[in-house]
Amino acid sequence: MKPIIAPSILSANFAYLARDIEMINQSEADWLHLDVMDGVFVPNISFGFPVLKYVAELTNKPLDVHLMIVNPEKFIPEVKALGAKVMNVHFEACPHLHRVIQQIREAGMQPAVTINPATPVSFLKDIIDDVYMVLVMSVNPGFGGQKFIEHSVEKVKELRALIDQRGSKALIEVDGGVNKETGARLIAAGADVLVAGNAIFAAENPVVMIQDLKNM
Ligand code: DX5
Ligand code: ZN
């Protein structure tokens with residue numbers, strides 16, 4: 001099975017966002033990954049819903065919205081209004097994760113839970129049957145272009161084992177420092193979805209890079 005490729009526009013040129021989204025439209029990318037940051041949950045601010053409204057109008061790819069914010073449940077209506085397919089919330093930002101997951105599903109979106117590098121896979125045992133996807137962060141969230149944390153490969157293997165053992169259909173997504181080399185190892189470990197920002201936007205030919213990631 002080929003991986004699902006989700007380019008992250010965090011590494012796009014925001015002054016030429018329409019151009020960069022059109023490049024992704026023309027590529028073999030499967031989803032568009034959108035990184036919302038609040039400067040509280042993570043030490044950076046990216047873009048918010050007024051910007052994403054126009055991104056959603058321009059793209060022809062399903063939206064994978066990754067909320068690196070506190071109280072993400074407050075923004076379920078805004079994410080829904082974008083027409084998003086997947087709404088990713090952080091495990092560390094949701095003391096009532098089970099309720100938030102239900103609310104996302106009730107809003108008609110696919111719920112995903114994201115874990116930071118220091119959060120163990122075992123913490124997902126009681127939520128794995130309720131989520132569409134788990135996003136394993138392979139860098140500390142907040143910035144594009146960071147170095148891949150090697151331990152993430154082991155976490156993906158562990159998560160694959162948990163999912164298979166439970167007979168769950170949850171997808172495994174990985175985000176941070178993904179390129180052709182780390183991506184190949186993540187797929188071998190059991191990942192289904194690869195997010196990539198810097199590897200795509202810094203490539204000489206981003207469309208070819210997306211194609212290479214898709215066909216590894
Ligand atoms: C990081 C974001 C990522 C980021 C990945 O906090 O969640 O989606 O765009 O960027 P790269 O692929 O450059 O590590
Ligand atoms: Zn992300």
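Below, each value reflects all heavy atoms present in this structure, side chains not excepted, and no hydrogens, waters or symmetry copies. When a ligand or atom number is given, it counts from 1 through the structure's own listing order. The structure displayed is predicted, hence computed values, not measured ones.
- Remark: side-chain polar atoms of Thr59 are not paired, donor with acceptor, to backbone N or O of Ala56 under 3.5 angstrom.
- Of the possible donor and acceptor atoms, one in the side chain of Asp38 sits under 3.5 Å from a partner among the backbone N and O of Val70.
- Checked against side chain to side chain donor-acceptor pair (under 3.5 Å), Ser138 has no partners two or more places apart in sequence or in another chain.
- Without hydrogens or angle criteria, Gln146 side chain to Asn140 main chain gives a donor-acceptor distance under 3.5 Å.
- In this structure a side-chain-to-backbone donor-acceptor pair under 3.5 Å is missing from Asp175 to Met137.
- Contacts of ligand 1 (protein heavy-atom distance under 4.0 Å) are Ser8, Leu10, His33, Asp35, Met37, His66, Met68, Met137, Pro141, Gly142, Phe143, Gly144, Gly145, Asp175, Gly176, Gly177, Val195, Ala196, Gly197, Asn198.
- By the 4.5 Å heavy-atom criterion applied to side chains, Leu194 and Met216 are counted as neighbours.
- The Zn ion (ligand 2) has His33 NE2, Asp35 OD1, His66 ND1, Asp175 OD2 as its protein N, O or S neighbours under 2.8 Å.
- Using bins of under 30°, 30° to 60° and over 60° for the plane-to-plane angle, the ring pair Phe123/Phe91 lands in the tilted bin.
- The list of salt bridge (charged side-chain N to carboxylate O under 4.0 Å, His left out) pairs with a residue in residues 71-86, not counting sequence neighbours, is empty.
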* Asked: What's the verdict on side chain to side chain donor-acceptor pair (under 3.5 Å) for Glu92 and Thr119, showing C-alpha distance, side-chain angles and the deciding distance?
  -> CA-CA 8 Å; Glu92 304 83 6; Thr119 302; 2.5 Å; yes
